Number of protein chains: 2
Amino acid sequence: MVQKKKGPPNGDPPHKKEAAAAEPKRRGRPRAYEPEVALGKALDLFRTTGFAATSLDDLSAATGMNRPSLYGAFGDKRELYIKSYQRYRDNARALMGDIFRNDWPVRRQLEQIFASALDIYLSGEEGPRGCFTVMTAGSEAVADPDIRAMVQNALTELDKAFGHCFRRAKEKGELAENADPAVLAQLASATIHSIAVRARARVPRKELEAIVAGAIDVMLGGK
Amino acid sequence: MVQKKKGPPNGDPPHKKEAAAAEPKRRGRPRAYEPEVALGKALDLFRTTGFAATSLDDLSAATGMNRPSLYGAFGDKRELYIKSYQRYRDNARALMGDIFRNDWPVRRQLEQIFASALDIYLSGEEGPRGCFTVMTAGSEAVADPDIRAMVQNALTELDKAFGHCFRRAKEKGELAENADPAVLAQLASATIHSIAVRARARVPRKELEAIVAGAIDVMLGGK
DNA sequence: GGAATTTAGTGCGAAATGGTACAAAAAAAG
DNA sequence: CTTTTTTTGTACCATTTCGCACTAAATTCC
């Protein structure tokens, strides 16, 4: 009896604005939380304490949802972790895409990418949290094939993005003749990994920026 | 009454071989485990599952010691973790020291260092375990100041070792005139961090070796 | 052989953890 | 106002976890 449900002759034609927050009037008791916000809080918590050391009580406190609601909205702890990680990656991808899309010289692009990375890695009220992929997801990757696949994906995506960037730079003559874009991309990725690790150990931003600057110089061959 | 103990006129004069396993005959029931071996097993386990996800029961099973013995020998879980990490670092330091002490050309030294690192990171029965510093200790570093200090120490030690290596290479004329040993050292460290992360995600050794080869070429300026 | 000493091993207990059942609450629909 | 639907919030359960008390065992010293 749920098949046709009823054709509402009044408002809300199926294609209005769609994605907006225009909810078509849900039926029961309204939610006391916003799923997007709650997921963000969960992500923040997982980023600082990792999977195993984060309890459902912690998550409940951080999101403001009680455990049954958490479960209903996101599934069990592992599912919530995976959704958090997906969200993190979506954010990162969007940020990087915005930068790489611009038609700037390589140096400028690299500077922006690394600066954004530092912003992400160094944020956090109780100390910097590093990179989700490198720190907590990497830890789970050994035991959990699904998470491992996501981590692998994150790694290759980063390599590819940098690779594309360097290839374009070479075409524009911004790199030396003998420069290999793929190798440079892996070096750039390695620099990202390195500052992620160091950020987590509370290496001050100034030092990380110096590392980035040095790496860029080497990669661009002093140009 | 334990002061003079008795001068045993027979074997075991106080200074024989000292540090060797020549135990001076302990008093009570003999231990059923060898502390060194047990610590090694604990280290292996911590490396694969991290701190929070490793229970005392797991450690007990891995070491063959029951929980009270574990506690008596190494203290609580956190102490055992720290001792394991110390052991890991001692091993790594010894290994690197052996390589850097040789008077080889830079390229050879770097190749050896990276090969050893891969050996460490890729070992493990249930899949590669990456680097203790980068993965599990890095995770704990946010919350625990003592562990954080150890991680910081590990990071700077690696930078320094590479720095020394490159400085000597430059003196020997193996590097370009404008090469900055400190920057190259940080790149070498970054490469270490990167292959540690990738190893944990089960990137095959061949790929990791390719990354290493490319990084070395860039660092040595094609020499 | 008996006392002293050190370790092994069983087992307990308090707390935390992940997950869920169930009733109360809040909204729309009839 | 009643029914239906969806969410909240309390309370609970089974399991795991860490740490330790206590007894039994094994060895040396006298």
Side-chain angles (χ1 to χ4, degrees), chain A residues 1-2 4-12 22-39 42 45-46 49-84 140 143-144, chain B residues 1-12 22-39 42 45-46 49-82 140 144:
Chain A
M1 289 300 177
V2 196
K4 262 239 160 166
K5 198 130 203 200
K6 131 192 171 178
N10 57 341
D12 239 64
E23 278 151 33
K25 275 221 160 141
R26 301 182 55 88
R27 190 92 151 63
R29 177 172 175 168
R31 281 196 276 248
Y33 59 91
E34 285 181 78
E36 295 302 308
V37 183
L39 187 58
L45 195 54
F46 275 132
T49 35
F51 178 76
T54 303
S55 73
L56 285 185
D57 280 333
D58 297 335
L59 288 164
S60 180
T63 57
M65 304 164 63
N66 46 33
R67 285 212 301 285
S69 295
L70 258 182
Y71 195 85
F74 303 111
D76 71 6
K77 190 180 167 185
R78 180 171 167 277
E79 284 181 82
L80 177 52
Y81 180 81
I82 289 181
K83 289 192 173 107
S84 297
E140 305 306 317
D144 192 314
Chain B
M1 289 293 178
V2 197
Q3 287 174 307
K4 264 239 160 168
K5 201 135 202 197
K6 136 193 170 178
N10 55 344
D12 240 64
E23 279 150 31
K25 267 213 167 149
R26 301 182 57 88
R27 191 88 150 62
R29 176 171 176 169
R31 281 197 275 247
Y33 58 90
E34 286 181 78
E36 294 302 308
V37 183
L39 188 57
L45 195 54
F46 274 134
T49 34
F51 178 76
T54 304
S55 74
L56 284 184
D57 280 333
D58 296 335
L59 289 163
S60 179
T63 57
M65 305 165 61
N66 46 35
R67 284 210 303 285
S69 294
L70 257 182
Y71 196 83
F74 304 111
D76 71 5
K77 189 178 167 186
R78 180 173 167 278
E79 283 181 83
L80 177 52
Y81 180 81
I82 288 180
E140 305 306 318
D144 192 313

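In this text the structure is predicted, and so the values were computed from the model without any measurement. Lettering of chains follows the sequences in order, A, B, ..., and the numbering in each one begins at 1.
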### Non-neighbouring partners of A:Arg78 that pass salt bridge (Lys or Arg N to Asp or Glu O under 4.0 Å), sequence neighbours left out
A:Asp144, A:Asp146

### Task
Mark yes when over 12 heavy atoms from residues, nucleotides or ligands other than B:Glu79 sit less than 6.0 Å from its CD; otherwise mark no.
yes

#### Entry: Test log, rule side-chain contact (heavy atoms from CB on, under 4.5 Å), inputs A:Asp57 and A:Arg67
CA-CA 7 Å; A:Asp57 280 333; A:Arg67 285 212 301 285; 2.5 Å; yes

### d(CZ, B:Arg31; P, C:dT6) in whole Å
11 Å

### Query
Which pairs with one or both residues in residues 51-82 of chain B pass ring pair (Phe, Tyr, Trp, His ring centres under 6.0 Å), sequence neighbours excluded?
B:Phe46-B:Tyr81, B:Phe51-B:Tyr81, B:Tyr81-B:Phe132

### Summary
Atom CG of B:Asn66 and atom P of C:dC12 are separated, to the nearest Å, by 16 Å

### Query
Just how far, in rounded Å, is C1' of D:dT6 from OH of A:Tyr33?
10 Å

### Task
For B:Met65 and C:dT10, give me the distance from atom CE to atom P, rounded to whole Å.
15 Å

#### Entry: Length of the line joining B:Leu70:CG and D:dT17:P, which is rounded to integer Å
15 Å

### Query
Can you name the nearest heavy-atom pair linking A:Ala52 to A:Glu140, along with the distance?
N-OE2, 4.5 Å

### Summary
Contacts of A:Asp58 meeting salt bridge (Lys or Arg N to Asp or Glu O under 4.0 Å) (sequence neighbours excluded), chain-then-number -> none

### Task
Identify, residue by residue, the members of residues 50-63 of chain A with a heavy atom below 4.0 Å from DNA chain C, and return them in order of residue number, or none.
A:Thr54, A:Ser55, A:Leu56

### Message
At less than 4.0 Å, is any side-chain N or O atom of A:Tyr71 found next to OP1 or OP2 of C:dT20? Yes or no.
### Response
yes

### Message
Can you identify which nucleotide, out of D:dT7, D:dG19, C:dG19, has its nearest atom closest to the B:Asp76 side chain?
### Response
D:dG19

### Summary
Judged by nearest nucleotide, the residue sitting upstream toward the 5' end of DNA chain D, B:Arg78 or A:Ser69, is A:Ser69

### Under 3.5 Å donor-acceptor, B:Thr54 side chain and B:Gly50 backbone
yes

### Query
Is there side-chain contact between A:Leu80 and A:Leu39, with at least one heavy-atom pair below 4.5 Å?
yes

### Summary
Sorted by chain and number, sequence neighbours left out, salt bridge (Lys or Arg N to Asp or Glu O under 4.0 Å) with A:Asp76 holds for none

### Task
Please report, rounded to the nearest Å, how far the P atom of D:dT7 is from the CD atom of A:Glu34.
15 Å

#### Entry: Summary of protein contacts for nucleotides 21-26 of chain C, nucleotide by nucleotide, where a base hit scores B, a sugar-phosphate-only hit scores S (4.0 Å, heavy atoms)
B---BB

